[in-house]
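Side chains included, hydrogens not; waters and symmetry mates left out as well; all remaining heavy atoms used. Numbers restart at 1 for each chain; the letters A, B, ... are given by sequence-line order, proteins then strands.
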Number of protein chains: 2
Amino acid sequence: MDAKQLKSFVNGHRISFTESKSSNREYAQHLDSTDPLARFRAEFLIPSKADLRDPHPEAKPAAEQNDPTDPCIYLCGNSLGLQPKATRALLNEELTIWATRGVQGHFKHPLSRPWVSADEEVTRHMANIVGALPTEVAVMGTLTNNIHNLLASFYRPDRSGKGRRKIIIEGKAFPSDHYAVESQIRWHGLDPADALVTIFPEAERAMLTTQQICKVIDRNADDTALLFLSGVQFYTGQAFDIKAITQHAQAKGIVVGWDLAHAAGNIALDLHEWGVDFAVWCSYKYLCSGPGGIAGIFVHEKHASPDRHRLAGWWGHDRLSRFNMDNAFNAIPGAAGYQLSNPSILDLTSLLSSLQLFSAATMPAIRTKSVQLTSYLEHLLHTQFPPDDKTFEILTPSDPSARGAQLSLLFREGLMMRVFNELLERGVVVDERKPDVIRVAPCPLYNGFEEVWLFVQELKRAVGVVIGRA
Amino acid sequence: MDAKQLKSFVNGHRISFTESKSSNREYAQHLDSTDPLARFRAEFLIPSKADLRDPHPEAKPAAEQNDPTDPCIYLCGNSLGLQPKATRALLNEELTIWATRGVQGHFKHPLSRPWVSADEEVTRHMANIVGALPTEVAVMGTLTNNIHNLLASFYRPDRSGKGRRKIIIEGKAFPSDHYAVESQIRWHGLDPADALVTIFPEAERAMLTTQQICKVIDRNADDTALLFLSGVQFYTGQAFDIKAITQHAQAKGIVVGWDLAHAAGNIALDLHEWGVDFAVWCSYKYLCSGPGGIAGIFVHEKHASPDRHRLAGWWGHDRLSRFNMDNAFNAIPGAAGYQLSNPSILDLTSLLSSLQLFSAATMPAIRTKSVQLTSYLEHLLHTQFPPDDKTFEILTPSDPSARGAQLSLLFREGLMMRVFNELLERGVVVDERKPDVIRVAPCPLYNGFEEVWLFVQELKRAVGVVIGRA
Ligand SMILES: Cc1ncc(COP(=O)(O)O)c(C=O)c1O
Ligand SMILES: Cc1ncc(COP(=O)(O)O)c(C=O)c1O
């Protein structure tokens, strides 16, 4: 769906947020009742309000945990996704294989998930999520480390300090990305003061437009080696036009990589078609793999050659001769050739349990619901907080094609942490970014419309308490 | 213990393998009965022979798995350590916290293991294992990836191709180390043909002596930037004299790093005292963290400065300001400053459950038993296979200070895989390296003397079957 299609879709026949009844609880319930993904909520463990209040929820009998009649309102999947119910059983299966097979689990796995190739099924699921060929994706390591691994291959600056050497990033990139890029520039003996170009919005609180990004690209076209942006901005929730920006930069001879931490499992991605050179992302946010879960990389087919320079490791070596213990590195063509180490089976398994749900739901259906859910949240915020209420403003673009699930609420100075804490007391889990932002992200696989409606009621009450108008 | 002490210890009053009765099963049982670490075996899940034969051990009722009256003989901890019984419960606790707390587990953890600092306790245990200050160790990522991360900081060659630029490694380094080092050299624009020095034994099957290594260092003293060796050689089982080699190379102005994959949790390490510059290791072998578990790094205190160049990430940023989302990287002093990403809680937790056992047993006691156990294995192999038997020879040095737990048996051509399979049929799990080597590694925390005795009987039978003299 392009921007125009998305807009007409949201405001079209399925959800008409202009109807007056659209702010009623019944309407939210109606939306839930027609939601084709509604059944997926039951596949997740939603912390209950009692769990959140209990100092030792883990000490309760299992049957009393995650009471489905008392769920908290969890709109924080942009930070840490919830746990699929299948995860525990699948992990415990692997623990049993380890316990009963030992090292043999690498090759003779009773459940046909031999550890030596355990990444393959996960990779196939992951490729669908980012719109890639399976050979373009590898599941490995962690996000920031993979930024380094891929920059080592794709950032090949002219070290003389004259030719193509610059990296263009957002001025407000996620700090880890900023640190990573700076340290890569320094590694080459270059100076970030010269070789790092940062794009800041043209006005405070403004978004970065495609036009503005392209202008920066044009201005630095001759000496830029790499453009590295985030697909969805972690702070504002803005989704960039990956396709247009990629193609514009590539036309100027610039290599283009994307950090999809907040995009993978969130927005529709078509990395192969868009011709993106490389991308990296984590799996513990929208993809629900658990804290610090294993990460993903994308390397476009056009860069599949085993001869491409990279930081090499035995897990990226040709599978058939990997155990021959030979000294000549012979990369697997494609993204798999970037693997370094044998991967964590616990992390892969946890991710597998989640990606099976993504594959069952399919990304187009997930994105469709996500657009509705977030638009509904936006609609309620607009209608429930009168226009002259200056408690917060929504930073995130209102165009559904320019955002994912998340809305970022920028609070009037001094209010944010108090509202956040008040919400938490009421069993509402969202995410705060100091000094003044609360990020709210309804996740289509486990959040629903009534839940969003309830959130907005709780927000009204919390704000009321904080500003003393309750 | 130095070499001489170790030798006299082994052949001293506690185990006198020269007594004729020392090859009897009763003697093995006697050794078990006086083993102060014997109780730790009960802390591990040993696959049973029935488990190994069962195509679906995981389908049996839990009580029938890991039958302690029918244990397999598992001498493969050099490849994948066995699972501590505590691992499953601890992991399931974390799953419950994730299920009942969601993202709150990062900060408010009911069991006082908040995910944001979950590495700290693991790091303290790990520091004891490698003889380091806690600030010199970080638990992060995977082994080959950490080789790259630390080479990016410690291998700073003269790129002109004239000054210090070479890396010295073993000719038979583990392939991943070889690939990693070569690709780092190439990343700098240098040519491995010039900048990579490999040390091969002076004769076939000979070990690399300290003297020989020092000679290579001397020969390349002027233009070598880095020496990177393994603490215990994966193939031969040889343990290098880390202290002597480190000090010799450093005296010539060379930076020294060690791959301790086969050394950590196996031999006594004193990295801080020895002045090693940096080291890396994995945790799934002797340290029993499970397949693909999280890895460790050591950065000596003398390199603790936050200003040292490195590949940077937000997890290495000053803890108090990490979430301020500032663009100026401010490294945590010491090894923690090398962290890149928020770590996998599953992997950290699995490792924690194992390291708690190591701390309870203590490395000196573990090494003491290991020396006895492996010497006993060697003694039995010598006495049970007559000197004129040419079925295999032991590659590993006989000096206990020049090896860890592992003995590598080099079989006469064509025998190895058949013996390996015959052993496996009999419920004996060891490790094969093609073409001709079987590695046998009794692990002091879960293996015992009678088990070693039984192994040798099974090996005799297996060899008998294979060469048709049974
Ligand atoms: C000495 C050595 N180096 C490197 C590796 C590769 O380990 P990883 O796959 O964890 O990177 C191994 C694995 O066994 C090893 O023994
Ligand atoms: C955009 C972005 N980049 C990088 C990171 C760092 O992730 P990790 O700790 O997995 O390296 C995050 C984490 O939230 C992120 O959102």
Side-chain angles (χ1 to χ4, degrees), chain A residues 45 47 51 55-58 65-66 74 76 79-80 82-83 88 91 93 95-103 105 110 115 141-145 148 152 175-176 178-180 182-183 186-187 290-293 309-314 325-327 329 340-347 350 429, chain B residues 45 47 51 55-58 65-66 74 76 79-80 82-83 88 91 93 95-103 105 110 115 141-145 148 152 175-176 178-180 182-183 186-187 290-293 309-314 325-327 329 340-347 350 429:
Chain A
L45 290 162
D51 290 339
H56 283 287
E58 81 290 353
Q65 295 160 3
N66 299 104
Y74 194 88
C76 201
S79 181
L80 185 80
L82 290 180
Q83 182 181 154
R88 189 185 295 252
L91 277 172
E93 274 176 8
L95 289 175
T96 299
I97 307 304
W98 177 18
T100 56
R101 278 284 190 273
V103 69
W115 300 331
T142 61
L143 172 52
T144 303
N145 214 152
H148 285 298
S176 210
H178 193 105
Y179 306 154
E182 267 203 0
S183 64
R186 290 218 173 83
W187 186 91
H309 177 268
R310 73 198 70 198
L311 301 183
W314 76 319
M325 298 295 165
D326 184 336
N327 282 341
F329 179 64
L340 295 167
S341 297
N342 79 98
S344 159
I345 293 305
L346 294 176
D347 286 341
S350 185
V429 182
Chain B
L45 290 162
D51 290 339
H56 283 289
E58 82 290 353
Q65 296 161 3
N66 300 104
Y74 194 87
C76 202
S79 179
L80 186 80
L82 289 180
Q83 181 183 154
R88 188 185 296 250
L91 277 172
E93 274 176 8
L95 289 174
T96 299
I97 307 304
W98 177 18
T100 57
R101 278 285 190 271
V103 69
W115 301 332
T142 61
L143 172 51
T144 303
N145 215 153
H148 285 297
S176 210
H178 192 105
Y179 306 153
E182 268 202 1
S183 64
R186 290 216 173 85
W187 193 21
H309 178 269
R310 74 199 67 198
L311 302 183
W314 75 319
M325 298 293 166
D326 183 338
N327 281 341
F329 179 63
L340 296 166
S341 296
N342 78 99
S344 159
I345 293 305
L346 294 176
D347 286 341
S350 185
V429 181

Okay, side chain of [X], backbone of [Y]: is any donor-acceptor separation there less than 3.5 Å?
| X | Y | value |
| --- | --- | --- |
| Ser183(A) | Leu311(B) | no |
| His148(A) | Ala312(B) | yes |
| Asn327(A) | Pro175(B) | no |

Do [X] and [Y] touch side chain to side chain, with heavy atoms closer than 4.5 Å?
| X | Y | answer |
| --- | --- | --- |
| Pro47(B) | Arg101(A) | no |
| Leu346(B) | Ser350(A) | yes |
| Leu80(B) | Trp115(A) | yes |

(request) Would you please classify the geometry between the Trp187(A) ring and the Trp187(B) ring as parallel, tilted or perpendicular, with 30° and 60° separating the classes? (result)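 Geometry flag for Trp187(A) against Trp187(B): parallel rings.
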
(message) Between Asn145(A) and Ser341(B), do the side chains contain a donor N or O and an acceptor N or O under 3.5 Å apart?
(response)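 No, because no side-chain N or O of Ser341(B) sits under 3.5 Å from a partner of the opposite role on Asn145(A).
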
(request) Indicate the atoms forming the closest heavy-atom contact of Pro57(A) with Pro110(B), along with that distance. (result) CD-CG, 3.9 Å

(message) Quick check on Ile97(A) against chain B: is it the side chain, the backbone, both or neither that has a heavy atom closer than 4.5 Å?
(response)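 Side chain only.
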
(request) Measure distances from Pro291(A) to the heavy atoms of chain B and classify the residue's part below 4.5 Å as side chain, backbone, both or neither. (result)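 Interface part for Pro291(A): both.
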
(message) So, using side-chain contact (heavy atoms from CB on, under 4.5 Å) as the criterion, who are the partners of Thr96(A) when residues are at least two apart?
(response) Thr100(A), Glu58(B), Gln65(B), Arg88(B)

(message) Taking side-chain hydrogen bond (donor to acceptor under 3.5 Å, both in side chains) as the definition, give me every residue that meets it alongside Tyr74(A), ordered by chain and number, with sequence neighbours left out.
(response)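 Listed in chain order: nothing, the list is empty.
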
